[in-house]
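All remarks here apply to the structure that follows.
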Amino acid sequence: MVDKCGFSSCQRQISAYGLCSGHRQQQAAGKKLTPLRNVKRQEGCSFPSCPREHYSKGYCQYHARQHREGKTLTPAPAWRAAASWKKSAEDRVDPETGKRWCTICKRWLSADQFGANRATADGVHYHCSRCASLARFSLTSIEYEQMLEAQGGVCKLCGGVNDDGRSLAVDHDHSCCPEMSSCGKCIRYLLCYRCNMALGYFRDNPEVCEKAADYLREFQR
């Protein structure tokens with residue numbers, strides 16, 4: 001037989017010191033013991049036809065996230081329709097296509113775009129490799145691609161690309177963020193490796209850059 005709380009009329013199970021967890025919290029806080037409210041927990045999601053269990057604010061975890069982000073609530077993908085849906089390794093993989101969900105850029109991408117991570121349940125990063133590298137600049141891969149498209153896919157300075165095929169580097173104002181990362185507000189443009197390194201060697205000093213240009217012109221043939 002399970003012992004009941006020592007507070008009169010309370011039918012909850014004992015947690016500590018002869019009291020249930022609720023009355024024990026009242027006691028620990030030095031408050032007078034009073035009857036606890038009987039809060040009825042919502043069983044399911046309030047989104048029409050959603051069979052998943054309640055998570056927060058009247059919704060399941062999937063629709064609670066949409067509600068929190070101010071998005072229009074939409075039905076979850078059919079393969080997420082199980083009533084016991086929870087955020088797990090399986091939820092981030094589409095069983096039909098094998099694609100994985102990036103938690104930063106919010107897209108389904110091929111599995112080869114995700115790196116290994118021994119700390120996760122399935123040994124794979126929650127976010128794609130590009131988002132992982134861009135996170136220190138407070139950028140997502142979508143925002144990077146928009147910048148790249150606006151520049152025509154080439155370096156903002158020389159109009160070229162990296163010889164080895166690497167992505168263009170994110171250039172930012174080091175007077176704002178002196179480290180190899182950015183707050184996101186001081187990002188300038190995308191540069192090739194050579195141009196990005198050149199600005200760094202010139203310490204982002206326009207006067208030094210102008211002197212270097214005059215020096216080259218002096219010996220130009």
Side-chain angles (χ1 to χ4, degrees), residues 61 64-72 87-89 91-94 99-221:
Q61 190 169 359
R65 183 183 299 110
Q66 288 186 328
H67 176 74
R68 182 174 63 252
E69 295 175 354
K71 298 179 179 179
T72 301
K87 188 174 180 60
S88 64
D91 296 321
R92 294 187 295 275
V93 180
D94 188 336
K99 291 185 176 182
R100 304 185 69 90
W101 178 255
C102 176
T103 58
I104 296 181
C105 64
K106 312 295 184 185
R107 294 187 296 178
W108 291 104
L109 303 169
S110 57
D112 61 359
Q113 297 188 52
F114 293 79
N117 185 353
R118 291 183 296 177
T120 62
D122 59 354
V124 181
H125 267 299
Y126 294 158
H127 38 262
C128 67
S129 299
R130 172 163 283 185
C131 280
S133 64
L134 293 173
R136 61 193 177 100
F137 296 106
S138 302
L139 279 177
T140 67
S141 60
I142 293 179
E143 292 169 332
Y144 179 91
E145 290 166 7
Q146 290 173 342
M147 291 179 64
L148 186 63
E149 182 180 359
Q151 292 182 200
V154 296
C155 172
K156 184 67 175 179
L157 283 182
C158 69
V161 296
N162 288 320
D163 296 335
D164 57 6
R166 286 186 296 176
S167 300
L168 296 180
V170 179
D171 179 44
H172 72 283
D173 185 355
H174 290 266
S175 65
C176 175
C177 298
E179 302 298 330
M180 298 298 292
S181 59
S182 168
C183 61
K185 297 180 181 179
C186 56
I187 290 175
R188 295 188 288 212
Y189 290 101
L190 304 179
L191 304 178
C192 68
Y193 174 78
R194 289 190 179 90
C195 288
N196 190 46
M197 292 297 292
L199 289 184
Y201 285 132
F202 286 134
R203 299 180 295 280
D204 285 357
N205 189 324
E207 293 182 359
V208 175
C209 291
E210 290 171 359
K211 289 181 179 180
D214 292 339
Y215 174 84
L216 293 175
R217 292 190 187 99
E218 182 179 347
F219 295 94
Q220 191 174 28
R221 296 179 181 177

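A quick note: this is a predicted structure, and the numbers were derived from the prediction, not measured.
Side-chain atoms of Asn196 do not come within 3.5 Å of backbone N or O of Val170 as any donor-acceptor pair. Without hydrogens or angle criteria, Thr140 side chain to Cys105 main chain gives no donor-acceptor distance under 3.5 Å. Remark: side-chain polar atoms of Asn162 are not paired, donor with acceptor, to backbone N or O of Asp164 under 3.5 angstrom. Judged by distance alone, with hydrogens and angles left aside, the side-chain atoms of Arg92 form no donor-acceptor pair with the main-chain N or O of Tyr126 at under 3.5 Å. With Tyr193 contributing its side chain and Asp163 its backbone, the two residues share no donor-acceptor pair below 3.5 Å. In this structure a side-chain-to-backbone donor-acceptor pair under 3.5 Å is present from Arg188 to His172.
Rounding to the nearest 0.5 Å gives a distance of 7.5 Å between SG of Cys209 and CG of Asp204. One distance of note links CG of Leu190 with SG of Cys195; it measures 12.0 Å at 0.5 Å rounding. Residue Leu139 holds its CG atom at 3.5 Å from CD1 of Ile187, rounded to the nearest 0.5 Å. One finds the CG atom of Leu157 at 9.0 Å from the CD atom of Gln151 (value rounded to the nearest 0.5 Å). Taking CG of Leu109 as the reference point, atom NE2 of His127 lies at 12.5 Å (rounded to 0.5 Å).
For CD of Glu149, the number of neighbouring non-hydrogen atoms (other residues, nucleotides, ligands) closer than 6.0 Å is 12 at most. When the shell of 6.0 Å around CZ of Arg107 is examined, it contains more than 12 heavy atoms from other residues, nucleotides or ligands. Other residues, nucleotides and ligands place no more than 12 heavy atoms under 6.0 Å from the OH atom of Tyr189.
Across all their heavy atoms, Ala212 and Phe202 have their closest contact at CB-CZ, 3.6 Å. Of all the heavy atoms in Cys177 and Ser181, the pair that sits closest is CB-O, 3.3 Å.
Considering only heavy atoms from C-beta on, Cys131 stays 4.5 Å or farther from Tyr144 through its side chain.
A salt bridge is absent between Lys211 and Asp214; no separation between the charged side-chain nitrogens and carboxylate oxygens falls under 4.0 Å.
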